[in-house]
Amino acid sequence: MQENTSADERLKALTDKLENGVSDIFQSGQYAEYLAAMSKFHHYSFSNSLLIFMQRPDATHVAGYNDWKNVFGRQVKAHEKGIQILAPCFCNKWTQRQKINEQTGLPVQGADGQPVMEWVREQRVRYKVVSVFDISQTEGKELPVLGVSELTGDVMEYDGILEKLKTLSPLPVVFEAFPRDAKGYCSYAEQRIVIQPDMSQQQTVKTLVHEIAHAKLHLPTGTDPAERPSRTAREVEAESVAYVVCQHLGIDTSDYSFAYVAGWSRDQDMTVLKASLERIRATAAELIDGMEGRERTPPRREQKPQHTRRSKRRASNVR
């Protein structure tokens with residue numbers, strides 16, 4: 001029991017460290033600079049976001065050709081194919097219609113008994129196809145970033161850790177190159193986890209734990225989709241679990257994970273992280289216990305004493 005208690009205390013200490021680290025980033029000048037840059041990107045409609053995802057699933061920061069050049073100081077690379085979306089185009093059109101009396105709401109008639117007509121200007125919206133480009137399709141001035149873009153370094157007992165994580169994963173794990181900037185992904189449609197090969201050992205372990213956390217926490221079920229955590233919450237939870245598990249394994253992902261969580265939590269401060277702490281702790285504990293070959297048993301609830309003779313006789317038989 002003491003082991004479980006101390007393990008729980010260690011988990012709390014790690015999640016406290018995560019909270020403090022993310023909070024420090026929120027308060028830094030670097031974070032303000034990062035937010036200022038991010039605010040310059042357009043917020044696309046659901047339809048356009050879907051179009052972007054269908055054409056380039058790995059897209060992270062999208063802007064038009066001129067915006068990349070004039071706002072961000074970057075140039076679209078030669079021969080890059082644009083991502084096509086729909087842009088609203090507003091135009092005015094004069095039309096003639098019957099005049100309506102504003103007080104009575106009835107058509108106005110002239111002295112000859114005929115309806116009085118008037119010209120009105122209507123604003124209409126048409127849509128045209130325009131091209132935008134992801135940051136991976138551009139080069140030039142670097143955007144402000146948080147933390148580090150990739151972990152480096154080796155991991156003690158790397159092969160053994162990898163095999164244990166694979167056995168704990170709800171979905172099969174494959175190492176396979178794919179045409180995205182992402183380091184891995186959890187595919188519910190394909191029912192597998194895919195990890196980019198040839199990354200550092202630290203990055204590979206961290207990414208694998210992140211995707212396993214998605215598989216454990218976020219597999220779609222038959223429940224109401226509205227009850228599923230938002231994408232922000234899903235990413236915060238997965239990266240937080242990865243941070244806690246990696247810290248337990250002696251892999252310090254602070255520079256990567258703190259920035260990752262802060263990036264997804266922008267404009268929401270610590271709200272998402274705080275709301276997910278129990279799920280994060282429970283999933284991290286499950287993975288840690290599984291890697292150490294033990295099952296976590298939930299703590300017993302304290303029973304209120306039963307003040308009857310019958311209950312006292314039963315209690316006396318317990319050893």
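In what follows, every heavy atom counts, from backbone to side chain, and hydrogens, waters and symmetry copies are set aside.
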**Student:** Do I251 and L165 share a hydrophobic cluster (ILVMFWY, side-chain heavy atoms under 4.5 Å, transitive)?
**Tutor:**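 Same hydrophobic cluster.
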**Student:** Restricting to ring-ring contact (aromatic ring centres under 6.0 Å, His included), what partner residues turn up for F178, sequence neighbours left out?
**Tutor:** Y185
**Student:** Which atoms form the tightest heavy-atom contact between Y256 and V148, and what is the distance?
**Tutor:** CD1-O, 3.5 Å
**Student:** Evaluate the side-chain proximity of Q75 to Y65: yes if any heavy-atom separation is below 4.5 Å, no if none is.
**Tutor:** yes
**Student:** Answer yes or no: does atom CG of N20 have more than 12 heavy-atom neighbours from other residues, nucleotides or ligands under 6.0 Å?
**Tutor:** yes
**Student:** Using a 4.5 Å cut-off on heavy atoms from C-beta on, say whether the side chain of H214 contacts that of Y188.
**Tutor:**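 A side-chain contact under 4.5 Å exists here.
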**Student:** Any chance you could lay out the side-chain hydrogen bond (donor to acceptor under 3.5 Å, both in side chains) test for T95 and R121, step after step, and finish with the verdict?
**Tutor:** CA-CA 6 Å; T95 58; R121 185 174 61 180; over 6 Å; no
**Student:** State, yes or no, whether a side-chain contact exists between R192 and E176 at a heavy-atom distance under 4.5 Å.
**Tutor:**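 Result yes, sub-4.5 Å side-chain heavy-atom pair found.
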**Student:** Considering all heavy atoms of both residues, which atom of S131 and which atom of Q84 are nearest to each other, and what is their separation?
**Tutor:**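 Closest pair (atom of S131, atom of Q84, distance): OG-CG, 4.2 Å.
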**Student:** Are the side chains of I212 and P170 in touch, meaning some heavy atoms are under 4.5 Å apart?
**Tutor:**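 They are in contact (side-chain heavy atoms under 4.5 Å apart), so the answer is yes.
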**Student:** Begin from the C-alpha positions of T207 and E211 and carry the test side-chain hydrogen bond (donor to acceptor under 3.5 Å, both in side chains) through to its verdict.
**Tutor:** CA-CA 6 Å; T207 300; E211 301 306 334; over 6 Å; no
**Student:** So how far is it from D289 CG to H248 NE2, rounded to the nearest 0.5 Å?
**Tutor:** 8.0 Å
**Student:** Run the salt-bridge test on K17 and E19 with the 4.0 Å N-O cut-off and return the result as yes or no.
**Tutor:**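 Result for this pair is no, no salt bridge flagged.
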**Student:** Does K183 have more than 12 heavy atoms from other residues, nucleotides or ligands lying within 6.0 Å of its NZ?
**Tutor:** yes
**Student:** Measure the shortest side-chain to side-chain distance between L273 and S240 over non-hydrogen atoms and say whether it is less than 4.5 angstrom.
**Tutor:** yes
**Student:** Do E150 and M199 have side chains that get closer than 4.5 Å, going by heavy atoms?
**Tutor:**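 Side-chain contact under 4.5 Å: yes.
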**Student:** Main chain of I25, side chain of S28: is a donor-acceptor contact present, judged purely on distance under 3.5 Å?
**Tutor:**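 Answer holds: yes.
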**Student:** Between Y260 and Y243 (judged by ring centroids, cut-off 6.0 Å), do the two rings come close enough to count as a pair?
**Tutor:** no
**Student:** Kindly give the heavy-atom pair with the smallest separation between Q98 and P107, and that separation in Å.
**Tutor:**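 That would be NE2-CB, 2.9 Å.
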**Student:** If you take all heavy atoms of T60 and D134, which pair is closest and at what distance?
**Tutor:** N-OD1, 2.8 Å
**Student:** Verify the cluster assignment for M291 and Y158: are they in a single hydrophobic cluster under the rule of side-chain heavy atoms below 4.5 Å apart?
**Tutor:** yes
**Student:** Nearest 0.5 Å please: distance from the CD1 atom of I280 over to the CG atom of L11.
**Tutor:** 11.5 Å
**Student:** So, for Y44 and I52, which heavy atoms are closest and what is the spacing to 0.1 Å?
**Tutor:**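 For Y44 versus I52, the nearest heavy atoms are CD1-CD1, 3.9 Å.
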**Student:** What's the spacing between L217 CG and E286 CD if we round to 0.5 Å?
**Tutor:**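 If I round to the nearest 0.5 Å, the distance is 8.5 Å.
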**Student:** Does the ring centre of W68 sit less than 6.0 Å away from the ring centre of F41?
**Tutor:**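 Yes - the distance between ring centres of F41 and W68 falls below the 6.0 Å cut-off.
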**Student:** Report the distance from atom CG of L151 to atom OG of S200, rounding to the nearest 0.5 Å.
**Tutor:** 6.0 Å
**Student:** With salt bridge (Lys or Arg N to Asp or Glu O under 4.0 Å) as the test, pick out the partner of E237 among K216, R279, R231, R281.
**Tutor:**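 When salt bridge (Lys or Arg N to Asp or Glu O under 4.0 Å) is applied between E237 and each of K216, R279, R231, R281, only R279 qualifies.
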**Student:** Can you tell me how far apart SG (C246) and NE2 (H210) are? Round to the nearest 0.5 Å.
**Tutor:**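 The NE2 atom of H210 is 11.5 Å from SG of C246, to the nearest 0.5 Å.
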**Student:** Check each of V245, V155, T204 against I161 using the side chain to side chain contact (heavy atoms under 4.5 Å, CB included) test, and report the only one that passes.
**Tutor:** V155
**Student:** According to side-chain hydrogen bond (donor to acceptor under 3.5 Å, both in side chains), who are the partners of D67, at least two apart in sequence or on a separate chain?
**Tutor:** H42
**Student:** Tell me whether V173 shares a hydrophobic cluster with L219, the cluster being built from Ile, Leu, Val, Met, Phe, Trp, Tyr side chains joined at under 4.5 Å.
**Tutor:** yes
**Student:** Within a 6.0 Å radius of atom CD on E102, are there more than 12 heavy atoms belonging to other residues, nucleotides or ligands?
**Tutor:**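 Open: at most 12 neighbouring heavy atoms sit under 6.0 Å from CD of E102.
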**Student:** Kindly work out whether a path of hydrophobic side-chain contacts (I/L/V/M/F/W/Y, heavy atoms less than 4.5 Å apart) joins F46 to L51.
**Tutor:** no
**Student:** Is V129 close to I85 at the side-chain level, that is, under 4.5 Å between some pair of heavy atoms?
**Tutor:** no
**Student:** Has the side chain of R126 got a donor or acceptor atom that lies under 3.5 Å from a matching backbone atom of C89?
**Tutor:**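 Flag not set: sc R126 to bb C89 has no pair under 3.5 Å.
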**Student:** Would you say S45's side chain and N48's backbone share a donor-acceptor pair under 3.5 angstrom?
**Tutor:**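 Checked: pair present.
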**Student:** Step by step, would you call Q96 with E118 a side chain to side chain contact (heavy atoms under 4.5 Å, CB included)?
**Tutor:** CA-CA 6 Å; Q96 195 175 33; E118 64 178 352; over 6 Å; no
**Student:** For the residue pair A213 and A238, what are the closest heavy atoms and their distance?
**Tutor:**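 Of all heavy-atom pairs spanning A213 and A238, the closest is CB-CA, 3.8 Å.
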**Student:** Taking CZ in F53 as the centre, count heavy atoms belonging to other residues, nucleotides or ligands within less than 6.0 Å. Is the count above 12?
**Tutor:** no
**Student:** Are any of the side-chain nitrogens in K12 or D8 under 4.0 Å away from the carboxylate oxygens of its partner?
**Tutor:** no
**Student:** Check for me, please, whether V209 and V174 land in the same ILVMFWY cluster - side-chain distances under 4.5 Å, paths through other members count.
**Tutor:**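 Different clusters.
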**Student:** In a check of side chain to side chain donor-acceptor pair (under 3.5 Å) between Q137 and each of E80, H79, R74, K77, which one passes?
**Tutor:** E80
**Student:** So does E239 pair up with K206, basic N to acidic O under 4.0 Å?
**Tutor:**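 So E239 pairs with K206 through a salt bridge.
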**Student:** Are F133 and I83 close enough, and set up right, to give a side chain to side chain contact (heavy atoms under 4.5 Å, CB included), and what steps lead you there?
**Tutor:** CA-CA 6 Å; F133 300 86; I83 305 166; 5.9 Å; no
**Student:** Any non-hydrogen side-chain atom of V22 less than 4.5 Å from a side-chain atom of M270?
**Tutor:**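 Counting from C-beta outward, V22 and M270 do come under 4.5 Å.
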**Student:** Between CG of L171 and CD of Q191, what distance do you get to the nearest 0.5 Å?
**Tutor:**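 L171 atom CG to Q191 atom CD measures 5.0 Å (nearest 0.5 Å).
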